[in-house]
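Quick notes on the structure that follows.
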Amino acid sequence: MCRVVDLQQAVLAKNDASAHLLRTHLDSRGTTVVNLLSSPGSGKTALLERELLLARERSVAVAALTADLATENDAERLARSGVPVKQVLTDGLCHLEAAMLAGHLHGWLPDDTRLLFVENVGNLVCPASYDLGETLRVVLASVTEGEDKPLKYPTAFGLAHLVVVTKTDIAEAVEFDEGAFRANVERVNPGVEVLLTSARRGHGVGTLLDRALAAAGGAPLHSPVMARRPDAAHGHGHAHGHTHSHTGPADAAATAPARS
């Protein structure tokens, strides 16, 4: 058991080092990463498509990278927004890692990109443990998933800078208890903002983009209690933020080969 724990800690430490390099490099070129985590079927792609369309209307230079075990369906949907989109197929891996992300960004990400939205693999367990060099970590949950979702996945929700509720247009039909959900979020991540959205009706659309732009502009981020602990559940004892150091592309991508 000790060897397993040691191996897990070593893997996470290596990922943290890669994430630091990637964050430093992207900060130096003015790109802010937004890491989106959710369970499958949360409506994450539908909301992101609306946010990308709005960003294009506002002339904000954005790009999106979406990860799945198989198929390029999500990338095809997001590409309808007209912004640069890349699909990553993880070949069975249940999450993205910083070195993997760096390899995919190398030679692809447009130089003027201000915001990069990363749609992580649909999974609230593994992705929660891996820093991707993001500035803003967002966890999404639909009204159909149950009010106790934050308690079932405390690491994912506990390390979020922002929580987004999706599909609120059907909240009444599924008897979603907003108060109970907010209370459960507060238990694992006191003080974090909870946004209510409906991609279908347009309710709350644009708020995620606003929060991402504020983070890119240096606005203070929510500081999760879990992220401040040295023994944080996923191995990270830090809060994400801009460092504005200068590291070259080769350094940022050195931990992973470029992928197509």
**Request:** With side-chain contact (heavy atoms from CB on, under 4.5 Å) as the test, would you mind laying out the steps for T197 and T168 before giving the verdict?
**Result:** CA-CA 6 Å; T197 67; T168 58; 5.6 Å; no
Considering only NZ, NE, NH1 and NH2 on the basic side and carboxylate oxygens on the acidic side, decide whether [X] and [Y] come within less than 4.0 Å.
| X | Y | value |
| --- | --- | --- |
| R182 | E147 | no |
| D210 | R58 | yes |
| D131 | R137 | no |

Taking [X] for its side chain and [Y] for its backbone only, find out whether a donor-acceptor pair lies under 3.5 Å.
| X | Y | answer |
| --- | --- | --- |
| Q87 | T66 | yes |
| N15 | A98 | yes |
| E51 | G206 | yes |
| S42 | S38 | no |
| R23 | E134 | yes |
| N189 | V192 | no |
| T31 | D27 | no |
| E119 | K44 | no |
| E186 | N184 | no |
| E76 | N73 | no |

Treating Ile, Leu, Val, Met, Phe, Trp and Tyr as nodes and any side-chain heavy-atom pair under 4.5 angstrom as an edge, say whether [X] and [Y] lie in one connected cluster.
| X | Y | answer |
| --- | --- | --- |
| V205 | V83 | yes |
| L48 | V62 | yes |
| V138 | V165 | no |
| L89 | V121 | no |
| L105 | L96 | yes |

Contact check, side chains of [X] and [Y], non-hydrogen atoms, under 4.5 Å:
| X | Y | value |
| --- | --- | --- |
| L213 | V60 | yes |
| V33 | L116 | yes |
| L132 | V118 | yes |
| K86 | P84 | no |
| L115 | L209 | yes |
| N120 | N35 | yes |
| I170 | E172 | no |

What distance do [X] atom [atom1] and [Y] atom [atom2] have between them, rounded to the nearest 0.5 Å?
| X | Y | atom1 | atom2 | answer |
| --- | --- | --- | --- | --- |
| L196 | K167 | CG | NZ | 15.0 Å |
| L101 | L26 | CG | CG | 7.5 Å |
| D148 | R187 | CG | CZ | 10.5 Å |
| Y153 | S39 | OH | OG | 5.5 Å |
| L37 | L140 | CG | CG | 8.5 Å |
| F176 | T144 | CZ | OG1 | 9.5 Å |

**Request:** Look at the rings of F181 and F157 and say which category their plane angle falls in: under 30° parallel, 30 to 60° tilted, over 60° perpendicular.
**Result:** perpendicular
**Request:** Determine, step by step, whether L54 and E57 satisfy the side-chain contact (heavy atoms from CB on, under 4.5 Å) criterion, reporting the C-alpha distance in whole Å, the side-chain angles of both residues, the deciding distance to 0.1 Å, and the verdict.
**Result:** CA-CA 5 Å; L54 186 58; E57 291 174 7; 3.7 Å; yes
**Asked** R211 pairs by side-chain contact (heavy atoms from CB on, under 4.5 Å) with which of L221, L162, V34?
**Response** L162
**Residues L47, V164; criterion side-chain contact (heavy atoms from CB on, under 4.5 Å); working and verdict** = CA-CA 10 Å; L47 179 62; V164 176; 3.8 Å; yes
**Message:** Which heavy atom of L195 sits nearest to which heavy atom of L208, and what is that distance?
**Reply:** CD1-N, 4.3 Å
**Request:** Kindly determine whether S198 and R200 satisfy side chain to side chain donor-acceptor pair (under 3.5 Å), including the steps that lead there.
**Result:** CA-CA 5 Å; S198 168; R200 177 178 295 178; over 6 Å; no
**Message:** With side-chain contact (heavy atoms from CB on, under 4.5 Å) as the criterion, how do L136 and T32 come out once you've worked through the C-alpha distance, each side chain's angles and the decisive distance to 0.1 Å?
**Reply:** CA-CA 8 Å; L136 187 64; T32 295; 5.6 Å; no
